[in-house]
Amino acid sequence: MTKGNFPVDKLKGIETPFYYYDIELLKKTLKIVKEETKKYGFIQHYAVKANANRRILELIASEGFGADCVSGNEVKTAVNSGFPASKIVFAGVGKTDKEITLALDLNIFCFNVESLPELEVINELAAKKGKTAQVALRINPNVDAHTHEYITTGLNENKFGFSMAHLDSVLDTLKSLKNINLIGIHFHIGSQIEDAHTFEPLCARVNELQDFFEEKGVKLELINLGGGLGIDYEKPNENPIANFPEYFELFSKQLKLRSGQIAHFELGRAIVAQCGSLVTKTTYIKHGESKSFVIVDAGMTDLIRPALYQAYHKIENITSDLPVKKYDVVGPICESSDFFAKDYELNETERGDLLVLRSAGAYGEIMASQYNCRELPKGYFSDKI
Ligand SMILES: Cc1ncc(COP(=O)(O)O)c(C=O)c1O
């Protein structure tokens with residue numbers, strides 16, 4: 001029996017909760033991203049933070065993408081999963097000496113640097129090794145991403161990147177940092193940006209900054225626009241693949257790239273979110289005074305997005321075709337924030353029924369924790385079960 005794209009009988013045989021990845025959908029998504037970036041000569045580094053499941057990483061690496069990492073362990077994991085170091089960029093406001101040293105030893109492509117003290121430390125550590133580190137300055141463009149405040153990163157009040165007001169003095173300091181090679185500028189304004197037009201002010205800001213760097217006589221070979229393209233959490237069946245053509249076309253039209261310059265991107269969520277679902281089993285149905293609760297065996301430890309960002313995930317009962325009823329869908333963790341949905345319409349649900357939380361491939365499995373001494377959820381793949 002299958003329901004939608006879910007092979008129900010096979011899934012019934014696996015211990016819950018677990019992540020289930022639709023590999024065919026991931027491959028289709030990667031194909032479109034490849035086609036669209038190729039059209040404009042753009043380069044895509046997959047944002048490893050979205051999902052670092054080994055099989056997913058290996059597949060993305062095998063399609064020729066680079067990797068965007070935000071910790072030393074992500075850099076290591078990316079290399080071990082088949083991403084060439086020469087295609088790895090490394091961002092993050094708090095890179096430690098150990099992490100920088102590792103990245104220098106591996107000869108990664110570029111450090112996306114977020115502050116002056118970080119530039120100085122990279123210079124010092126590179127000098128000790130007799131190396132030159134390639135860097136892009138992450139600039140805070142003060143552009144509103146119009147998304148949840150916890151996933152907005154490009155406003156002056158956010159901790160990320162260099163403030164534009166300091167760029168003059170940064171360029172002055174760079175003259176004395178002999179083991180740094182400035183190759184580009186980097187931006188990332190936020191995540192789950194549903195309207196591609198939100199990126200227009202970013203393009204305008206990049207164009208202004210390009211003029212600034214040109215006036216200063218600084219040549220930039222790359223402009224990295226970060227990630228942030230959103231997906232349709234409400235309708236994953238109707239829109240399983242994000243609107244990549246519109247997204248890349250917008251940048252191709254609005255960015256004034258200089259001759260020889262290449263635009264780089266770091267999409268995470270839009271690549272992996274829709275291919276993943278969290279599969280969970282109903283432990284109990286509990287009828288309260290005014291509500292009915294579906295208590296499932298997955299909790300905020302397996303998928304924290306609803307508790308962390310009030311995020312919505314579509315939920316389906318894949319083992320019931322009974323008429324719908326309203327339920328609160330809650331987990332077993334001892335926290336009131338441990339719920340997935342309130343007053344949610346599901347096919348009438350019984351103990352033992354399997355529910356799927358859709359669009360959970362990004363910031364799902366990777367954010368799982370062992371709070372309450374729980375086991376981490378495993379990942380299973382549509383072509384290997
Ligand atoms: C620097 C950087 N690049 C890329 C991404 C990926 O963003 P998204 O998953 O929204 O595409 C993030 C996410 O936080 C980020 O911080």
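Whatever order the structure lists ligands and atoms in, that order sets their numbers, starting from 1.
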Hey, are Asp22 and Arg358 close enough for a salt bridge, meaning a charged N less than 4.0 Å from a carboxylate O? no

Run the numbers for me: atoms of ligand 1, each under 4.0 Å from some heavy atom of Ser191, listed by number. 8 (P), 9 (O), 10 (O)

Using residues 218-226 as the side-chain source, report each donor-acceptor pair under 3.5 Å to any protein atom, sequence neighbours left out, with the distance given to one decimal.
unit_1: Asn224; atom_1: OD1; unit_2: Gly226; atom_2: N; d: 2.8
unit_1: Asn224; atom_1: ND2; unit_2: Glu266; atom_2: OE2; d: 2.8

What part of Glu266, side chain from CB on, backbone N/CA/C/O, both or neither, has a heavy atom under 4.0 Å from ligand 1? both

Under 4.0 Å between a Lys/Arg side-chain N and an Asp/Glu carboxylate O for Lys291 and Asp328? yes

Ligand 1 to Gly228 polar contact by distance, N or O atoms, under 3.5 Å: yes

State whether Phe339 and Lys342 meet the cation-pi test: NZ (Lys) or CZ (Arg) under 6.0 Å from the six-membered ring centroid, and within 45° of the perpendicular axis. yes

Do the side chains of Glu234 and Lys314 get close enough for a salt bridge, i.e. N-O under 4.0 angstrom? no

Validate the cation-pi geometry between Arg55 and Phe381: distance from NZ or CZ to the six-membered ring centre under 6.0 Å, angle to the ring axis within 45°. yes

Atom indices of ligand 1, in the order listed, that fall short of 4.0 Å to a heavy atom of Tyr363: 6 (C), 7 (O), 8 (P), 9 (O), 13 (C)

So if I count the atoms of ligand 1 from 1 in the order they appear, which ones are less than 4.0 Å from some heavy atom of Asp68? 2 (C), 3 (N), 4 (C)

Would you indicate which of Glu114, Lys49, His45 comes nearest to atom 2 (C) of ligand 1 when only heavy atoms are counted? Lys49

If you count the atoms of ligand 1 from 1 in the order shown, which ones are under 4.0 Å from a heavy atom of Arg269? 8 (P), 9 (O), 11 (O)

Near Gly268 (heavy-atom distance under 4.0 Å), the atoms of ligand 1 are 8 (P), 9 (O), 11 (O)

So, using side-chain contact (heavy atoms from CB on, under 4.5 Å) as the criterion, who are the partners of Val70 when residues are at least two apart? Lys49, Glu74, Ala91

Please check if the number of heavy atoms outside Glu375 that lie under 6.0 Å from its CD is greater than 12. no

Contact (N/O only, under 3.5 Å) between Arg138 and ligand 1: no

Proximal ligand 1 atoms for Gly227, defined as those under 4.0 Å from one of its heavy atoms: 4 (C), 11 (O)

Which of the atoms in ligand 1, numbered in the order shown and given with their element, are less than 4.0 Å from a heavy-atom of Leu267? 11 (O)

